[in-house]
Number of protein chains: 2
Amino acid sequence: MNLEQVARRAKVSTATVSRVLNNASVVKNSTRTRVVKAIEELKYYPNLHARSLAGGKSRTIGVIVSNLENPFFFDIYKTIESDARGRGYEVVMANTDYRSEQLVSSIRLMIGRRVAGLACIVSEMAPELLAELDQSHIPVVFYDVGTPRPNITNIRVNYRRGIEKVVDYLHSLGHRKLGFIGHHAILGPINERMKAVMDAVARIPSLEVRAAADADTLEGGRQATRALLSTGFEPTALICVNDITAVGALRELRERHIGVPRDMSVTGFDNVKLSEFCYPALTTVHIPRERIGHIICDCLAPQPGKPAATDPEVVIDPELVLRDSTGPAARATP
Amino acid sequence: MNLEQVARRAKVSTATVSRVLNNASVVKNSTRTRVVKAIEELKYYPNLHARSLAGGKSRTIGVIVSNLENPFFFDIYKTIESDARGRGYEVVMANTDYRSEQLVSSIRLMIGRRVAGLACIVSEMAPELLAELDQSHIPVVFYDVGTPRPNITNIRVNYRRGIEKVVDYLHSLGHRKLGFIGHHAILGPINERMKAVMDAVARIPSLEVRAAADADTLEGGRQATRALLSTGFEPTALICVNDITAVGALRELRERHIGVPRDMSVTGFDNVKLSEFCYPALTTVHIPRERIGHIICDCLAPQPGKPAATDPEVVIDPELVLRDSTGPAARATP
DNA sequence: AGCCCTTCTGTCAGCGCTTACAAAATGCCG
DNA sequence: CGGCATTTTGTAAGCGCTGACAGAAGGGCT
């Protein structure tokens with residue numbers, strides 16, 4: 001089923017069919033009707049590949065995410081999708097699962113698809129990939145990978161500031177020994193977040209911290225907590241890298257009959273919906289995911305009216321949200 | 001950047017470049033090396049649109065999901081993705097958010113992309129869309145929409161049986177007044193699941209049930225629970241349409257200081273990871289999501305060796321998983 | 001050296017669509 | 001009714017790639 005068949009049936013040329021398809025330029029009303037009828041009768045749908053090949057553009061934006069299962073990423077994705085759709089763009093998504101080979105192949109896939117713009121919401125980015133991206137001339141937005149350059153926007157969350165707020169708050173509650181539940185991906189060599197924790201703690205001499213990490217999942221949070229608690233270090237508060245791992249931590253603590261927040265305070269990060277629904281509701285740090293999604297779309301899917309935004313860097317400031325998982329440090333055990 | 005430029009640089013014809021790209025047929029080793037070098041130097045990535053246009057096939061399978069945010073769907077998606085990748089297929093996903101216009105446009109999008117196969121994991125399907133799908137000659141697998149036909153496989157979960165198990169179990173614990181927390185999408189006209197509950201309850205004369213529904217989210221589960229409890233009906237157990245809404249229900253009950261399972265039993269459905277991690281851990285019904293994903297991929301992404309599976313219908317039998325959110329019915333309140 | 005078979009490479013016609021550009025149809029006016 | 005501006009339609013050249021086919025190289029044999 002192709003343009004030509006539709007054209008034949010409507011007794012017009014393929015160009016005319018193309019015109020009504022793109023409701024571009026002028027087509028006499030009677031002709032248009034005829035064509036539309038033919039299209040419907042034949043249940044014709046234009047071959048998108050041919051279209052973007054011929055048109056030289058794709059009106060598609062690509063989104064690469066490390067872990068769409070984490071609602072934090074999902075919320076961003078969803079915002080991008082609905083914004084993009086509103087502007088007449090399609091979205092194609094690739095989930096890397098924190099695996100770097102997947103990142104590589106996803107990026108190449110997106111380049112191969114000649115996407116009009118690419119959002120990389122991943123936690124690592126090899127320099128060679130950056131080079132490839134540069135070559136491709138595709139506008140790119142990164143989330144938190146920290147390398148603004150021409151044609152590339154970077155959205156950075158001031159994680160450092162968020163962690164400081166958490167640490168200060170816990171300190172004010174009397175906590176002195178803190179645990180940090182991270183996840184593999186951000187405990188890599190260039191580990192902004194881990195450093196943020198260390199630095200925040202280092203500001204306050206009386207504070208002590210120990211970290212453990214696992215996958216960015218419920219189970220991972222639980223495992224890391226288990227690992228941390230079996231080292232002999234006895235924290236009175238657990239700072240979790242995000243809400244999901246925090247819920248995993250809660251589970252492990254429950255198993256060990258460690259009361260939260262009576263015996264142990266726990267904090268999350270992101271302020272995902274689940275953080276209100278778990279028990280106890282998590283004290284966490286809010287990151288405006290929808291705003292991030294909007295910004296990304298503004299950069300990648302320009303509307304007819306205004307041009308694409310092109311700030312090299314956007315910084316987001318996070319905010320502490322107090323709920324029930326934190327409380328005063330228990331007295332030192334007798 | 002295109003084939004021709006690479007060809008020129010490697011001093012060969014475009015056909016040869018194409019050949020090394022598809023590592024098809026024979027290319028002299030020295031030539032291959034030269035071409036590979038040119039490709040790398042130029043950071044060339046084939047235009048996928050041109051490729052599938054010329055080749056007439058796409059090696060891409062489409063997945064349409066109502067709500068990827070629900071881990072149940074996500075797990076299926078993830079399995080499909082990794083299976084497909086293993087067989088050399090790409091996956092494109094569309095999330096409909098339970099909105100029928102989105103379903104329509106997603107299906108057309110997939111047809112337009114000429115996907116090699118399509119998985120529809122959605123809860124409704126207008127007959128006209130089925131007709132369009134038929135026309136397109138794309139192999140399709142439905143999850144639980146109940147319309148096997150030529151070229152279309154349907155995977156059905158024996159929800160009826162699962163619900164019966166839940167109802168019987170609650171009945172055996174002494175519960176007589178049951179609440180059902182559904183969600184909009186499945187409370188539509190053809191509502192298999194709602195009927196399943198009604199029928200399961202109808203088998204046992206002493207049982208009574210009342211239902212409420214909202215979105216398929218944490219918040220939706222909470223709202224529906226609130227609505228149900230404010231009708232004056234006083235159930236001692238809540239059957240939730242899935243684990244996510246069940247977690248929403250738990251939250252509302254906590255707010256009302258209704259103890260689970262002391263004052264109220266709660267059951268979920270799906271046995272999503274979260275159901276073990278919430279508090280109290282949910283009694284639920286296990287549905288083998290990975291198995292579903294594998295079956296889907298077997299139908300849509302045939303491997304060189306064996307041909308695609310084409311059973312018209314596959315039925316999955318669910319199993320009860322007992323955890324902490326259910327217990328004996330409280331004595332009648334004095 | 002001449003022949004034939006094999007291996008390798010090049011040529012070229014599409015795939016289904018868009019988009020100048022050209023051609024045809026229409027409308028308006030004097 | 002001819003002439004011209006305007007609207008509407010058709011023609012055809014690609015877009016970047018694949019794949020059938022044909023042609024060129026190379027090798028072994030007599």
Side-chain angles (χ1 to χ4, degrees), chain A residues 1-36 38-39 42-60 88 90 108-109 111-116 136-138, chain B residues 1-36 38-39 42-60 88 90 108-109 111-116 136-138:
Chain A
M1 187 59 41
N2 60 16
L3 257 200
E4 205 182 320
Q5 299 180 45
V6 176
R8 199 151 36 209
R9 175 154 193 141
K11 298 202 190 311
V12 296
S13 72
T14 60
T16 301
V17 179
S18 173
R19 281 190 273 261
V20 346
L21 241 28
N22 299 286
N23 53 13
S25 58
V26 276
V27 178
K28 209 209 274 176
N29 247 319
S30 60
T31 318
R32 178 185 303 273
T33 320
R34 218 152 19 105
V35 172
V36 168
I39 290 177
L42 263 34
K43 296 216 181 308
Y44 163 76
Y45 298 105
N47 183 320
L48 262 26
H49 300 298
R51 184 178 275 197
S52 37
L53 179 60
K57 52 186 177 254
S58 72
R59 276 196 102 64
T60 293
E90 300 299 336
R108 296 194 175 153
L109 182 64
I111 296 178
R113 279 174 178 157
R114 301 293 189 267
V115 293
S136 74
H137 301 294
I138 296 174
Chain B
M1 189 56 43
N2 59 18
L3 257 200
E4 206 183 320
Q5 298 180 46
V6 176
R8 198 151 36 210
R9 175 154 193 140
K11 299 205 190 306
V12 296
S13 72
T14 59
T16 301
V17 180
S18 173
R19 280 189 274 260
V20 346
L21 241 28
N22 299 286
N23 54 13
S25 58
V26 276
V27 178
K28 210 211 271 177
N29 247 319
S30 60
T31 317
R32 179 185 301 274
T33 320
R34 220 153 15 105
V35 172
V36 168
I39 289 178
L42 262 34
K43 296 217 181 305
Y44 163 77
Y45 298 106
N47 183 320
L48 263 25
H49 300 297
R51 183 178 277 196
S52 36
L53 180 60
K57 53 188 176 254
S58 71
R59 275 198 101 66
T60 294
E90 301 298 336
R108 295 194 177 151
L109 181 64
I111 296 178
R113 279 175 177 155
R114 302 293 189 268
V115 292
S136 73
H137 301 294
I138 296 174

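So you know, we letter chains A, B, ... as the sequences are listed, proteins then strands, and number each from 1. Only this structure's heavy atoms are used, side chains among them; waters, hydrogens and symmetry mates stay out.
Fit an axis to the five pairs at each end of the helix from C/dA1-D/dT30 to C/dG30-D/dC1 and the two axes sit 50° apart, to the nearest 10 degrees.
Counting to the nearest Å, the P atom of D/dT9 and the CZ atom of A/R19 are 8 Å from each other. One interatomic measurement links the two molecules: CZ of B/R8 to C1' of D/dG16, which rounds to 13 Å at whole-angstrom precision. C/dC15 atom C1' lies 13 Å from atom CD of A/Q5, rounded to whole Å. Atom-to-atom, CD of B/E4 to P of D/dG14 comes out at 12 Å; the value is rounded to the nearest Å. Between A/L3 atom CG and C/dT19 atom C1' the separation is 13 Å, expressed in whole Å. Rounded to whole Å, atom P of C/dC17 lies 11 Å from atom CG of A/N22. Atoms CG (B/L21) and P (D/dC17) sit 8 Å apart, rounded to a whole Å. Rounding to whole angstrom units, CZ of residue A/R59 and C1' of D/dC15 are separated by 19 Å.
In this structure, B/T31 contributes its side chain and B/N29 its backbone to no donor-acceptor pair below 3.5 Å. In terms of modelled atom types and a separation under 3.5 Å, the side chain of A/R9 and the main chain of A/A38 share no donor-acceptor contact. A donor-acceptor contact shorter than 3.5 Å is absent between the side chain of B/T60 and the backbone of B/V115. In this structure, A/R59 contributes its side chain and A/G88 its backbone to a donor-acceptor pair below 3.5 Å. A distance-only check finds no donor-acceptor pair linking the side chain of A/T14 to the backbone of A/E4 [under 3.5 Å].
Here A/N47 does not reach the OP1 or OP2 of C/dG16: none of its side-chain N or O atoms lies under 4.0 Å away. Not one side-chain nitrogen or oxygen of B/S18 sits closer than 4.0 Å to the OP1 or OP2 atom of D/dC17. Under 4.0 angstrom from either OP1 or OP2 of D/dG19 there lies at least one side-chain N or O belonging to B/K57. In terms of phosphate contacts, A/R51 brings no side-chain nitrogen or oxygen within less than 4.0 Å of OP1 or OP2 of C/dG16.
Between the side chain of A/R114 and the base of D/dG16 there is no donor-acceptor pair of N/O atoms closer than 3.5 Å.
Residues B/N2 and A/N29 each lie close to DNA chain D; by heavy-atom proximity, the contact nearer the 5' end of the strand is made by A/N29. Heavy-atom nearest nucleotides on DNA chain C were determined for B/A54 and for B/V12, and the one closer to the 5' end corresponds to B/V12. Each of A/Y44 and B/T31 was matched to the nucleotide of DNA chain C holding its nearest heavy atom; the match closer to the 5' end belongs to B/T31.
Among the nucleotides C/dC15, D/dT8, D/dG10, the one closest to the side chain of B/L53 is C/dC15. Side-chain proximity of A/A15 to D/dA12, C/dC12, C/dG10: nearest is D/dA12.
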Practice prompt. Walk me through it: do A/N47 and B/H49 pass the test side chain to side chain contact (heavy atoms under 4.5 Å, CB included)?
Written response: CA-CA 10 Å; A/N47 183 320; B/H49 300 297; over 6 Å; no
Discussion item. Between A/L109 and B/L48, is the side chain to side chain contact (heavy atoms under 4.5 Å, CB included) condition met? List the steps.
Written reply: CA-CA 8 Å; A/L109 182 64; B/L48 263 25; 3.6 Å; yes
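Counting any heavy atom pair closer than 4.0 Å across all strands shown, A/T16 reaches sugar-phosphate atoms only and no base atom.
Test A/V36, A/L3, A/V27 against A/V17 for side-chain contact (heavy atoms from CB on, under 4.5 Å) and you get one pass: A/L3.
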